[in-house]
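In what follows, a structure is listed as structure tokens, so that the remarks can point back to it.
It should be emphasised that the depicted structure is a prediction, and the values quoted were computed from it without experimental measurement. Proteins get letters first, then strands, A, B, ... in listed order; numbering begins at 1 in each. Values below: all heavy atoms of this structure, side chains included; hydrogens, waters and symmetry mates excluded.
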Number of protein chains: 2
Amino acid sequence: MTEPSARPTRAQQRRQSEARILTAAREIFAELGYDRTTIRAVASAAGVDAGLVMHYFGSKDLLFARAVEVPADELPAGTSGEVAEALLTSLGRRLTGEPTASLAVLRSVLTNADAADRYRAAAEPQLNQLTEAIPTPDADLRASLLSAIVHGVIAERYLLRLTHLADASPEQIIDLLRPCFQSLTTPPPE
Amino acid sequence: MTEPSARPTRAQQRRQSEARILTAAREIFAELGYDRTTIRAVASAAGVDAGLVMHYFGSKDLLFARAVEVPADELPAGTSGEVAEALLTSLGRRLTGEPTASLAVLRSVLTNADAADRYRAAAEPQLNQLTEAIPTPDADLRASLLSAIVHGVIAERYLLRLTHLADASPEQIIDLLRPCFQSLTTPPPE
DNA sequence: GTCTATACGCTGATAGAC
DNA sequence: GTCTATCAGCGTATAGAC
């Protein structure tokens with residue numbers, strides 16, 4: 001009785017609204033962190049009602065989980081040198097433009113305990129992959145340090161906004177960091 | 001008419017209460033960040049009433065400012081190599097024990113905009129000092145990167161609690177980071 | 001499916017009793 | 001100086017009208 005294929009309005013409109021809400025949520029979570037972000041603000045930014053957000057996502061926690069779930073880009077395995085370079089280009093990608101997704105995670109991970117747990121679990125496989133590419137007994141610590149450096153640079157650039165770091169080009173940063181990454185991915189010549 | 005020197009109770013007791021409140025505030029700010037920390041919780045932890053905290057410090061913002069103000073340990077100037085080593089030992093100090101003060105700042109800086117501004121201002125002289133010790137045109141960027149690495153390591157160890165980084169000894173971390181710091185404080189041989 | 005009205009808790013802050 | 005009582009505001013979440 002309904003139009004056969006005129007306007008696939010129902011499910012499609014819902015997914016459209018959901019998408020708008022998620023985009024708005026990512027931006028506001030990135031800007032304000034978990035606590036200061038309100039459902040009302042997200043709804044208002046998405047042009048919908050606050051009750052609708054609750055109806056779609058159930059709770060603020062679930063909305064946050066959906067907003068920050070991230071594909072976790074693969075970094076190809078290889079020799080330790082190759083992995084270092086892959087990490088650097090991955091960092092470069094995250095230093096270009098506005099990495100709202102990364103920022104939402106980063107800012108919220110540091111305030112929301114559940115977010116920290118979720119993130120640790122999500123980052124583990126990537127960390128293991130990195131560990132296996134490093135041919136030293138302390139590979140796991142080295143991998144963690146690399147992760148710490150990447151996050152430190154992103155946080156200080158976008159969250160703390162240290163001027164010299166915020167103004168520098170990704171290439172400049174990567175070039176300065178290359179020796180660091182190499183020393184951490186390859187054992188000392190001895 | 002009052003006792004000459006029996007019990008210097010008045011001012012002394014006040015300072016004692018203030019000190020207990022500040023200690024409690026530091027711990028809770030470090031654990032929960034600015035937003036999630038409540039005056040009531042701080043007062044309860046210090047064994048006083050919430051109203052008293054307000055009476056002493058005026059507002060939550062002022063309490064936070066007093067709690068996280070930090071002497072900002074001097075790092076002696078010198079050759080670039082010496083500065084790198086000084087930075088490493090400074091990092092080692094902050095990786096030993098429970099750096100509640102650092103954590104309160106770090107966690108809150110990432111959520112509270114005012115805290116970020118305050119911290120940037122407080123860290124500037126130290127950053128400048130570091131910059132002057134590095135003999136390259138891009139010294140300011142290098143100094144910012146060093147700062148980012150230090151904070152990244154601390155954040156990932158204490159806030160995100162990456163296991164391998166949390167379990168490692170300060171010495172182990174410092175040894176792995178030494179080549180990084182050296183490559184950033186000294187220009188390439190070329 | 002969408003929005004309005006509202007319940008209920010917790011926050012920072014104030015005024016005033018002891 | 002210290003604490004109790006209370007205010008006004010905002011947060012999430014729910015119930016129900018269109």
Side-chain angles (χ1 to χ4, degrees), chain A residues 1-3 6-22 24-25 28-29 31-68 107-108 111-115, chain B residues 1-3 6-25 28-29 31-68 104 107-108 111-115:
Chain A
M1 298 302 173
T2 57
E3 339 271 279
R7 313 161 298 182
T9 18
R10 274 302 190 274
Q12 221 176 33
Q13 208 173 32
R14 156 146 192 167
R15 290 179 40 165
Q16 197 175 344
S17 292
E18 272 198 25
R20 280 216 320 280
I21 293 171
L22 281 177
I28 302 184
F29 276 127
E31 196 176 343
L32 300 178
Y34 181 87
D35 289 311
R36 298 177 94 94
T37 298
T38 66
I39 299 273
R40 282 172 160 88
V42 171
S44 162
V48 301
D49 186 84
L52 193 61
V53 176
M54 294 297 303
H55 185 61
Y56 281 166
F57 296 93
S59 76
K60 184 182 178 180
D61 269 313
L62 292 173
L63 171 63
F64 176 76
R66 289 283 308 277
V68 301
R107 186 160 245 152
S108 303
T111 50
N112 188 269
D114 297 352
Chain B
M1 298 310 168
T2 57
E3 338 272 282
R7 311 162 300 182
T9 18
R10 274 300 192 274
Q12 221 176 35
Q13 208 173 32
R14 156 143 191 170
R15 291 180 38 167
Q16 197 175 342
S17 292
E18 272 198 26
R20 280 217 317 281
I21 292 171
L22 280 176
T23 308
I28 302 185
F29 276 126
E31 196 177 343
L32 301 178
Y34 181 86
D35 289 311
R36 297 178 94 94
T37 298
T38 65
I39 300 270
R40 285 171 158 86
V42 171
S44 160
V48 302
D49 185 84
L52 193 61
V53 176
M54 294 297 302
H55 185 60
Y56 281 167
F57 297 93
S59 76
K60 183 181 179 181
D61 269 312
L62 292 174
L63 170 64
F64 177 75
R66 290 283 307 278
V68 301
R107 186 160 248 152
S108 302
T111 51
N112 187 268
D114 297 352

In terms of heavy-atom contacts, does CD of Glu31(A) have more than 12 from other residues, nucleotides or ligands at under 6.0 Å?
no

What's the verdict on side-chain contact (heavy atoms from CB on, under 4.5 Å) for Leu22(B) and Leu63(B), showing C-alpha distance, side-chain angles and the deciding distance?
CA-CA 8 Å; Leu22(B) 280 176; Leu63(B) 170 64; 4.2 Å; yes

Specify the separation, in whole Å, of atom NZ of Lys60(A) and atom C1' of dG11(D).
8 Å

I need the CZ-C1' distance between Phe57(A) and dT14(D), as an integer number of Å.
18 Å

Parallel, tilted or perpendicular: rings of Phe64(A) and Tyr34(A) (30°, 60°)
perpendicular

Rounded to whole angstroms, how far apart are CG on Asp35(A) and P on dT11(C)?
12 Å

Starting from P on dG11(D), measure out to CG on Asp61(A) and report it in whole angstrom.
16 Å

Side-chain donor or acceptor of Thr23(B) paired with backbone N/O of Ala19(B) under 3.5 Å:
yes

Are any non-hydrogen side-chain atoms of Phe57(A) and Ile21(A) less than 4.5 angstrom apart?
yes

Please confirm whether the backbone N or O of Ala46(A) pairs with a side-chain atom of Arg20(A), one donor and one acceptor, at under 3.5 Å?
yes

Any N/O pairs under 3.5 Å between the protein and nucleotides 2-9 of chain C? List them or say none.
| residue | atom | partner | partner atom | Å |
| --- | --- | --- | --- | --- |
| dT2(C) | OP2 | Tyr56(A) | OH | 2.2 |
| dT4(C) | OP2 | Asp49(A) | OD1 | 3.3 |

Rounded distance (Å) that lies between atom C1' of dA13(C) and atom CE of Met54(B):
5 Å

Tell me which of Gly58(A) and Thr38(A) sits closer to the 5' end of DNA chain D, going by the nucleotide each one is nearest to.
Thr38(A)

